[in-house]
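In what follows, every chain begins at residue 1, and chains take the letters A, B, ... in the order their sequences are listed. Here the structure is a predicted model, which is why all the values come from computation and not from measurement.
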Amino acid sequence: MIALHQIWKPESMNSFNSNFFLWAEASCSEDRKIIRGRARSSFPKRHPYQCKTEQLKKLLSSILRGVSKVRGLDLEDMKVQTTNIFLPTVGNVPLPSADFFLDQETYYELDFEEEGEIRPWEVEGVEVPFTQLIDLFLSDEDISSEEVSFGDDWFFLKKLSQFGLELLSRQRFIPAVFINNREEIESRWRVFPEAQRDYERFEQLARSLPTALIGGYPGISAGNAFKQADCLALIEHFLSTQIDSMMRNTLIEDNWSQNINPEDEFSQWLYSLGTAKADLEITDRQKDRLINSYTNWVAVYESFTKAHPLKSGIQIIPPGEPDLFRPDNGDQWLLQFFVKATGQEGFRLSTEEVKDLDKKKKDIILKRFGSPEQTLLRDLGVAAELFSPIKRGFESGSAAGIPSKADLTHDEAYLFLKESFWLLREAGFFLEIPQWWNEKTNTSKNELSVKTRISDPGKSPSKVSFWDTIVSFDWEIAVRDSSLSRTEFFQLAELKLPLVKIRGEWIELDQEKINNTMKYLRGLDGRELTVREIIQKGILAESSSDLLSLTGFDFSSWLKDFIKTKIGFPADKIEAPVTFRGKLRPYQLEGLNWLWLIKEIGAGGCLADDMGLGKTIQFIALILHDKKLNKNLNPYLLVCPTSVVENWAREIDKFAPSLSYFIHHGVDRKINTARDIILTTFGIMRRDIDLLKSIYWRSVCLDESQNIKNPNTKTAKAARSIPADSHFGLTGTPVENHLMELWSIMEFLNPGLLGKQKAFKQNFMTPIQEEGSPEKEKLLRSLINPFLLRRKKSDPDILPDLPDKIEKKEYIPISEEQATLYQAVVDESVKLLEEAEGIEKKGLILATITKLKQICNHPAQFLKDGNFIKERSGKLVRLTEMLDELFEAGEASLIFTQYVELGRMLKSFIQRTFHKQVPFLHGAVSRKARMRMVDEFQNGDSGNPVFILSLKAGGTGLNLTRASHVFHYDRWWNPAVEAQATDRTHRIGQKKNVQVFSFISTGTYEEKIDEMLEAKRDLADRIIRSGEKGLTELSTEEIIDLISYRKERF
Amino acid sequence: MSYWEWQHYTPVVPKDVKDGIKAKSRQGDFGETAVGKQWISLLERTPWSNRLARGKRYARMGQVRDFNIDKGEVSASVQGTRAKPYKIRISLKSFPKKTWERLYRIVAKNPLHYAALKARKFTDDFQELLKAGGISLLPESTRDIKTDCSCPDQANPCKHIAATVYIVGEALDENPFLLFQMRGLSFEDFINNVEKLIPHACSEEEVQQKVIHPDLTPKRFWKAGAEFEKTKTFRRSPDVPLALIKLLGIPKFLPRTKSVQGQLERAYELALKNKPS
């Protein structure tokens, strides 16, 4: 694997010519000797673990092949260059971007924080033109690759260019006259940020810039010069460079310049802004005139783009009265002025307060921020030009002459809120508007809304799904919580005022909306609709801008009421069925009740509890309860990933032996519907969809429902087409974070609830993801909440219910290759065992067990062929799935194994797959490195949420309480040893509970031993006492029975 | 224009100037703003109307090579038919110290005007205010202004002076504060002097440009800082379309031709196309 790096290299800060230098780290080659300690030789030296340019080019072209945006980027043509970059260095080792580019021991033993000095390193790479890489950063296309890891420098540039795109699409840029590093005049587009909203982000980005990104910056020749670099200026210059190049491309494509006759220096300047040639060939006199005129043009607002220490603000205050229905000759609308310190929470002085400052305070403010009076005068002079009623503030100002307030008429106030506010904000003023005015929608938050009442006339058949329940529909017009009489409403409709105060709330009246709504409601009056129609109309109205909103319809609480009357919940809590062999924790019982409720109303629900909270058994309890109440049910269809089919089977065996099930799998597949549950995999579901569709199911449940996260895949389409009374999904990932995934799952669970895919994109995805609309998010939540139950382990309601440690066995099928190898080893051993005796037999048994164990772990461990891919091992597939879920949830975990070679393979596999740094602690790791590994893991410094330990080395004396999950990838069979390892996570300070997963390959000796341990047989004691050596005393028959592979289920 | 004059005039083709100041106005009247118009009206009150038309033509051809305003005097160089450009001088009466001091006081007592001046707005109201105080920045009659040209034409204004007046008029359209310079004091000095009279409004200190240096600790070398994750970007359309053009105005220095005006708006509209799929 390589880590791709980018260095932004502008020719200088006074130049728009810039390139990206791409280079990559590769794993440290064996032959390169790393010398620790103080450097003796001179720098720059060749970077010791860089990727060869030819390989870099090859990888680049392979990732870029699929990206259509990157036009004409010809890698073959790219110049190979050698450049110096600056990196913290210890000895002859530069700090790598992750530990996997050095050998782990070196990495953890070098103390870059303490001893690191910034030194130049010679690296080889390619130069890519600015525009083309920007295109790549802005591309949505997936360029992830197993071979290339992208670091923070990549993601930083990606976000920075997204910011540039935002500024471009918000038109926050101006054409500029630019003097380059050769004192020549150029025409350039440059960014013109808004002082409040944009500048803060400029500073955030400047403060979080990954330093390596500018490590090859031309102004930087040594550590000292590096210190002087100004990230703020770099960010601004980067964005200007981006906007300039994008604008030019756009204008060239449009032939924009063709319309301009370049007759003088000014029109020449304008003309060249639309061409690729930015430098102007003009005389010195023309230059002077151009610069003078341009400077004069931007003079007033130039300062507004920068975060001045002090900035003026304007507050609009509505009159206390009158209320339309409580008329009174009230006060006027008012503008009040103030100054505020940028980026300084809490520093806000009204004009009155400025006037009252005593000398001491004033001097402090003057020194720190400058003069508040000057600021007010300067800024409000500009503001008055943009909104002329502000001038009145000057006239009514006190002797000191600083305006403090201005009266507004009703119409002026409306104009201010509706229009001037926006322009003033673009100009960089702080603005304070009433809470009830919504900036995002540019209208009052208090809306007239249509409060709908839905009641059940009892006309539907009792067993119909709640979607098809017929309800009757009534409405009234409301403002917040109070409703208007119809007379009042008509009275309002007559008013010509844009803003009115009703029942103490300010409302914007939109006559057209009111009229449209009247028409719409008349169409619904007295009609009977199904719940589905109601919900769909609710969404429809919400997304249509020409109607008053129908938000009065609170879906969640309506559903609660509906359920209460219809089904009697939650009065009659159901208990765990007696047939359930085990005990449900309080939250699991709650989960059962919820599942039952969803089933009863014929809807679909997603149980999204954290991993380890027992989703499986909650669902099993649901089936048991259903069986108890209803005879002769259609079967349940359970679809899950191959790696957990066995687990399901065992959980059913264990907790619900009264349920019959059938695993629909294998080559010759027929379904026996005379079972309670049919278990199958996503792959088989897709292939056998016609068969599955032909059966009417009691319920379809998708375990790990993120498998249908892409709604357009065959799997997702197949899942949606299976008919059933109710639908369920189980998942441990927070579905609500990925909106398209959410839609896909909801469409499976409750078709139509979130509207069609395209409408959903338009109504929810775009406003939430691209505009950050909290209203839409709230609405979406209210729609999905009734159908989504997500409990986190950290929830204060859940935590007390959980034991400190939950131990769970993961039953995992072995792959076909594993089964073949396993069988071969068993066959051979059986033959040998029958002839062996004494010591020889003991040795043979141990050797066999070791071989089988390696095979169960991964064929690569047994065959030593180096091909450690996940598909070859059931355990590795399952581990990957579980880690994926844990990474998503941000949880840290430990993985224990007995084998150092397996630990190494796991380490590099996880690094490769998840691009995360993974420390591996084993016996040979030095004390110093061990301490740093543990510290880094505990502090979460390198964001490495996985720690691999060899059982022997990691068993004692370590404190790894950051981890809340423990995997025993292979088994020691000694509960005491395993418990000791587990307790690394479990010392004082652990506030979370710990989940322990022990991997067991089904059908193999691992399962057999596990059964014996469970049954506490005599042999078990021996194994516990002396490990696998205990097995050597078994009779040949016993050992053969132990190791033979039982292929019962698969 | 008589036939004789026409005969006399046609052969006179001035020498081409490569980098002269080309008038923004392409046809019709000069003078975009009140100040510019008032300035030109002075000239147009004189009897030599044929010189005005030629002056306009000169201004539009870019015959005025350059001009400079210094302490009550506009000096310009205009290229005529001769190899050597003519020297033009337009002098205004510089305000005596007393007048300036009265001006400071008037402005200092009127915060609105002070603020507007700080915001570089030259309003009609401001001129009215000065008028009420008996002061006019613009010359009020031809008596207030003295013109001189090195050309052989006896007429005053000659076409060279006229061309200069037109070009200066356009400069005033762009930046009316040049009037202060013409009266002997730069606008910056003027504002600074007014500031001294305003109670509490201590002179603004130079705001230091904020600088953020890179974090050179090894921990941060490859990693983005803590704020990176929370920095959000949005793909959205402008809150106010063409806001910056609304704030800054179309640059007055651009020629007032159809092809140029409107091009900037069009560029901003084209920028909106830059939304990725």
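- Residue contact with chain B, scored on non-hydrogen atoms closer than 4.5 Å, involves the side chain of A:Leu270 exclusively.
- In this structure, B:Gln263 contributes its side chain and A:Ser257 its backbone to no donor-acceptor pair below 3.5 Å.
- If you measure heavy-atom distances from A:Leu87 to chain B, the contacts under 4.5 Å come from both the backbone and the side chain.
- Top candidate by heavy-atom pairs under 4.5 Å with chain B, chosen from A:Val298, A:Asn296, A:Ile174, is A:Asn296.
- Listed for the A:Asp152 side chain is a donor-acceptor partner under 3.5 Å among the backbone atoms of B:Ala224.
- For the pair A:Lys159 (side chain) and B:Thr231 (backbone), a donor-acceptor distance under 3.5 Å is present.
- For A:Ala206, the parts sitting under 4.5 Å from any heavy atom of chain B are the backbone and the side chain alike.
- By number of non-hydrogen pairs under 4.5 angstrom with chain A, the leading residue of B:Asp215, B:Leu264, B:Ile21 is B:Ile21.
- Put simply, of A:Gly274, A:Ala383, A:Ser267, A:Pro372, the one with the most heavy-atom pairs under 4.5 Å next to chain B is A:Ser267.
- A:Ile118 has its side chain within reach of B:Phe221: a pair of non-hydrogen atoms, C-beta onward, lies under 4.5 Å apart.
- At a 4.5 Å heavy-atom cutoff, B:Gln261 makes no contact with chain A through either its backbone or its side chain.
- Interface remark: of the candidates A:Asp288, A:Ile260, A:Leu423, A:Leu357, A:Leu423 forms the most heavy-atom pairs closer than 4.5 Å to chain B.
- Of all the heavy atoms in B:Leu247 and A:Ala427, the pair that sits closest is CD1-CA, 3.7 Å.
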For B:Thr123 and A:Glu385, run side-chain contact (heavy atoms from CB on, under 4.5 Å): C-alpha distance rounded to whole Å, both residues' side-chain angles, the deciding distance at 0.1 Å, then the answer. CA-CA 10 Å; B:Thr123 59; A:Glu385 291 299 318; 4.1 Å; yes
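- With chain B as partner, the option from A:Ile235, A:Val354, A:Leu380, A:Leu205 having the largest number of non-hydrogen pairs under 4.5 angstrom is A:Leu205.
- If you take OG on A:Ser208 and CZ on B:Arg220, they are separated by 6.5 Å, rounding to the nearest 0.5 Å.
- Interface summary for chain A: among B:Val260, B:Ile245, B:Asn175, the most heavy-atom pairs under 4.5 angstrom belong to B:Asn175.
- Between the side chain of A:Trp422 and the backbone N or O of B:Ala243 there is no donor-acceptor pair closer than 3.5 Å.
- In terms of heavy-atom pairs under 4.5 angstrom with chain B, the leader among A:Tyr271, A:Tyr294, A:Trp256, A:Trp269 is A:Trp256.
- Note that CD of A:Glu253 is 9.5 Å distant from CG of B:Leu270, once rounded to the nearest 0.5 Å.
- By the 30° and 60° cut-offs, the orientation of the rings of B:Tyr268 relative to A:Phe173 is parallel.
- Only the side chain of A:Leu386 comes within less than 4.5 Å of a heavy atom in chain B; its backbone stays farther off.
- For chain A, the option among B:Pro218, B:Gly225, B:Ala119 with the highest count of heavy-atom pairs below 4.5 Å is B:Pro218.
- When each of A:Gln171, A:Gln204, A:Glu166 is checked for heavy-atom pairs under 4.5 Å with chain B, A:Gln171 comes out on top.
- For a residue to count as touching a neighbouring chain, one of its non-hydrogen atoms must lie under 4.5 Å from one of that chain's; by this rule A:Glu263 touches chain B with backbone and side chain alike.
- Put simply, the side chain of A:Glu426 does not reach to within 4.5 Å of the side chain of B:Leu244, judged on heavy atoms.
- To the nearest 0.5 Å, the span separating CZ on A:Phe155 from CD on B:Glu229 amounts to 9.5 Å.
- Looking at B:Ile191, there are no atoms closer than 4.5 Å to chain A (heavy atoms on both sides), in backbone or side chain.
- Side chain of A:Trp297 to main chain of B:Lys252: no donor-acceptor pair is present (N/O by atom type, distance under 3.5 Å, no hydrogens or angles).
- Ranked by heavy-atom pairs under 4.5 Å with chain A, the list B:Lys109, B:His113, B:Lys22, B:Glu227 is led by B:Glu227.
- A donor-acceptor pair under 3.5 Å is formed between the side chain of B:His213 and the backbone N or O of A:Ala229.
- Exactly one of A:Arg289, A:Lys287, A:Arg285, A:Gln286 qualifies for a side-chain hydrogen bond (donor to acceptor under 3.5 Å, both in side chains) with B:Asp19. That residue is A:Arg285.
- Both the backbone and the side chain of A:Arg207 have a heavy atom closer than 4.5 Å to some heavy atom of chain B.
- Between the A:Arg170 side chain and the B:Asp239 main chain, no donor and acceptor come within less than 3.5 Å of each other.
- For the options B:Ile212, B:Thr233, B:Val240, heavy-atom pairs under 4.5 Å to chain A are most numerous at B:Ile212.
- In terms of modelled atom types and a separation under 3.5 Å, the side chain of B:Lys118 and the main chain of A:Gly381 share no donor-acceptor contact.
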